[in-house]
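Heads up, the thing below is written out as C-alpha cells.
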Amino acid sequence: MAQKPAIPKGTRDFLPSEVAKRTYLFDTIKRVFKRYGFAPIETPSFELSSTLLGKYGEEGDRLIFRILNSGEKMRKADLEALAQDNLPRFANSLAEKALRYDLTVPFARFVVQHQNELQFPFKRYQIQPVWRADRPQHGRYQEFFQCDADVVGSDSLLHEVEFIQIFDEVLTALNLPGFDIQINNRKILTGIAEVCDVAQQIVELTVAIDKLDKIGEEGVFKELKEKGFSDLTLQKIQPLFELTGSNQEKIKHLRTFLASSEIGLKGLDELQYVFDRIAQLGLAKGTLNFDVTLARGLNYYTGAIFEVKAQGVKMGSICGGGRYDDLTALFGLKNLSGVGISFGADRIYDVLTELQLFPSDLDKSLDILIANFEPETELAHLQLLQKLRALGLAAELYPSSTKLQKQLKYANDRKARYVILVGEEERQQGKLTLKDMESGLQQQLSQAELLTKFEPLA
RNA sequence: GAGGUUGUAGCUCAGUUGGUUAGAGCGUCGGAUUGUGGUUCCGAAGGUCGCGGGUUCGAGACCCGUCUUCCUCCCCA
C-alpha cells in the first residue's frame with residue numbers, strides 16, 4: 001500500500017529556491033570568515049557518546065540524539081543497570097555513538113587530537129548541521145545548521161574586536177537594516193556575584209537576570225527568591241536593573257559597584273578596550289551595546305559574551321558567542337584560551353524571509369532555453385549549447401518538440417532570461433531568433449552575433 | 001521533560017446540534033490559439049477527512065490512544 005510520506009518532526013526539506021537562498025546566506029558568511037583569515041574544517045556527524053555527554057549539563061544530555069548500537073553490539077546492553085532502574089547508564093550501554101549537538105565541543109576534541117598538526121593561534125570556521133532532540137518551535141528545529149568561527153590559542157582581545165566586525169560585516173552584507181550586538185563579560189557577572197556574597201550560586205544568579213527583558217524585574221526577583229536568595233542579596237542587585245545611559249555611563253557606574261572585586265574590574269577593563277577599539281574603527285549597520293543582564297546559559301564562557309538580535313522582527317538571538325578559557329581542558333589540553341561566534345543560519349533565514357531581504361534573482365537556474373521545433377536540428381542545437389555553456393551560461397534545449405506555447409511557459413517558469421527560436425524560417429536564412437523573456441522583444445541574429453552578444457555576460 | 005493547541009485536495013482553508021454523492025480559492029493538466037510565455041475565458045483531474053481503536057442505525061464532526069503542527073514553560077540557535 002502506498003504510504004503517506006512524511007519526515008521526522010523538526011526537520012525540513014529544501015526546495016531549489018530555498019537551497020539557493022541558503023547557499024547565498026552561507027556564501028556570504030564564508031566570504032567574511034575567509035577575509036578574516038579563518039580556514040574551514042569538518043568533523044563527523046556523530047561522535048562517541050563519551051565525547052559529548054556531560055559537556056552541556058543535565059539539560060543538554062537529555063537533548064542529545066543517541067545512535068542505537070547495531071548487530072552484535074546490542075549484547076553490550078547493561079541489563080543490570082536496567083534492573084536497578086539506572087536508565088542513564090542503561091541508555092549509555094545501548095548507544096556508544098551520538099549525533100553532534102553543537103560544533104564547539106567537537107571542535108575542542110578536534111584541536112586536542114590534532115594539536116601537533118595545527119598552528120596556534122588556530123582560526124577555523126565550520127558550517128555543518130547539528131541535531132537536538134528538542135521540542136520544535138518557531139525558529140527551533142531538531143536539525144539545523146551552525147556557522148561557527150573560533151580562535152584557540154590566543155587570549156588577545158583583538159579577536160573580540162574582530163568578531164564584532166565580522167557580525168557587522170556579515171549582517172550588513174545580508175542587507176539587514178539594523179541589528180544590536182549585545183556584549184557583556186562573564187568576569188563582570190562573577191564580580192557581581194562576589195560583591196553580593198553569592199559567588200557559589202553564580203549560575204542560578206546569571207540564568208535569572210538573563211531573563212530580565214523577558215519576565216521583568218519582578219519576575220527576576222521572584223525567581224531569585226524561589227532559588228533561595230536572601231532579601232539582602234536582592235537589595236544589592238537592585239541597582240543593576242537601573243543602569244541606564246550610554247555604554248560609557250554604565251561602565252562608570254559599575255566601576256563603583258564592583259570596586260571591591262578584582263575580577264569584576266578586570267572584566268570592565270576588557271570591555272572598555274573592546275568599546276574603544278570599535279569606536280575608533282566604526283561599524284556599518286550594527287550598534288554595540290553593553291548589557292549587564294546578558295548571561296547566556298553555557299557554563300564554559302569566561303570572558304566576553306556576545307548575542308545579536310535583529311531589529312524589527314520577533315525572533316530570538318540570531319548570533320551568539322563568547323570567550324572560553326579552558327574548553328580543551330575537558331579533553332586534557334590545558335591553558336588554551338578560545339573565543340568564538342556562531343551564526344544561527346536558520347533563524348537568519350527566517351528573518352531575511354520576513355523582511356523580504358533576499359535578492360530576487362537567486363533562484364534563476366537557467367539563462368537560455370533553446371526551443372525545440374524539429375528533431376532534425378537537434379545536433380546543431382547541442383553544438384550551440386556547448387558554446388553557450390563554455391561561456392558560463394546555464395543553457396538547455398527543451399527535450400521534446402511540443403507546442404511552442406508549452407515550451408515558453410516552461411522557460412517562463414524557470415525564469416529563463418532568453419529563449420532561442422530556430423524554426424524553418426530561421427534555418428533557411430541561416431539565422432536564429434533571440435527572444436528576451438522580460439521585454440518580449442525579439443531579434444534575428446547569426447550564431448556568431450549571438451555568441452558575441454553573450455561573451456561579456458560570462 | 002510539563003501544560004495547551006492543530007491536522008480535510010499539491011498549497012491556503014470552508015464544512016451548521018452527528019444525517020444523501022465532502023466544497024472554494026490558488027496551483028496542476030487539457031482546450032480556446034498547428035510559431036510566441038506572464039493576462040483572460042472554458043473544461044478536467046486531484047481527497048483511505050493524519051493513523052489506530054471505540055460510541056452510534058449512521059462519524060470529517062463525539063470519546064480514547066498515537067503521530068504531527070504551532071504555542072507557553074524549561075533550555076537554546
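Naming: A, B, ... by sequence-line order, numbering from 1 per chain. This one's a predicted model, so the numbers in the text were calculated from it and none came from an experiment.
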Would you say the base of B:C76 and the side-chain of A:Arg347 have a donor-acceptor pair closer than 3.5 Å?
yes
Taking protein heavy atoms under 4.0 Å as touching, what does nucleotides 31-36 of chain B look like 5' to 3' if B marks base contact, S marks sugar-phosphate-only contact and - marks none?
S-B-BB
From the candidates B:A77, B:G38, B:C74, the one with an atom nearest any side-chain atom of A:Arg62 is B:C74
Give a yes/no on whether any side-chain N or O of A:Lys415 is located under 4.0 angstrom from OP1 or OP2 of B:G37.
no
Using Watson-Crick or G-U wobble geometry with both distances below 3.5 Å, tell me the partner of B:G60, or none.
none
Is it true that the NZ or CZ of A:Arg124 lies under 6.0 Å from the centre of A:Phe107's six-membered ring and within 45 degrees of the ring axis?
yes
Would you mind classifying the nucleic acid contact of A:Gly60 as base, sugar-phosphate or nothing, using non-hydrogen atoms under 4.0 angstrom?
nothing
Roughly, in whole Å, what's the span from CG in A:Asp210 to P in B:C73?
13 Å
Could you state the atom-to-atom distance from NZ of A:Lys406 to P of B:G37 in whole Å?
15 Å
CD of A:Gln137 versus C1' of B:U72: gap in Å, rounded?
7 Å
Please measure how far the C1' atom in B:C76 lies from the corresponding atom in B:U72, and state the result in whole Å.
15 Å
Distance to the ring centre below 6.0 angstrom and angle to the axis at most 45 degrees; does that hold for A:Arg12 and A:Tyr141?
yes
Starting at CG of A:Asp102 and ending at C1' of B:C76, how long is that distance when rounded to a whole Å?
11 Å
So A:Phe145 and A:Phe26, would you call those rings parallel, tilted or perpendicular, with 30° and 60° as cut-offs?
tilted
Mind calculating the distance between CG (A:Asp350) and P (B:A77) to the nearest angstrom?
16 Å
Should the ring pair A:Phe110 and A:Phe122 be called parallel, tilted or perpendicular, given that the plane angle runs from 0 to 90° and is split at 30 and 60?
parallel
Both distances below 3.5 Å, Watson-Crick or wobble geometry, any strand: find the nucleotide opposite B:G25.
B:C11
Angle between ring planes, A:Phe38 versus A:Phe33, binned at 30° and 60°: parallel, tilted or perpendicular?
tilted
Using a cut-off of 4.0 Å on non-hydrogen atoms, how would the nucleic acid contact of A:Gly321 be classed: base, sugar-phosphate, or nothing?
nothing
Touch class at under 4.0 angstrom, heavy-atom based, for A:Ser342 against every strand present
nothing
Rounded to whole angstroms, how far apart are NZ on A:Lys409 and P on B:U39?
8 Å
Describe the nucleic acid contact of A:Tyr141 in one word from base, sugar-phosphate, nothing, applying a heavy-atom distance below 4.0 Å.
base
For atom CZ of A:Arg135 and atom P of B:A2, their distance in whole Å
7 Å
Specify the separation, in whole Å, of atom CG of A:Asp134 and atom C1' of B:U69.
15 Å
Aromatic contact between A:Phe167 and A:Phe343, with the criterion being ring centroids under 6.0 Å apart: yes or no?
yes
I'd like to know if the side chain of A:Lys431 pairs up with that of A:Gln447 as donor and acceptor (distance under 3.5 Å, no hydrogens or angles considered).
no
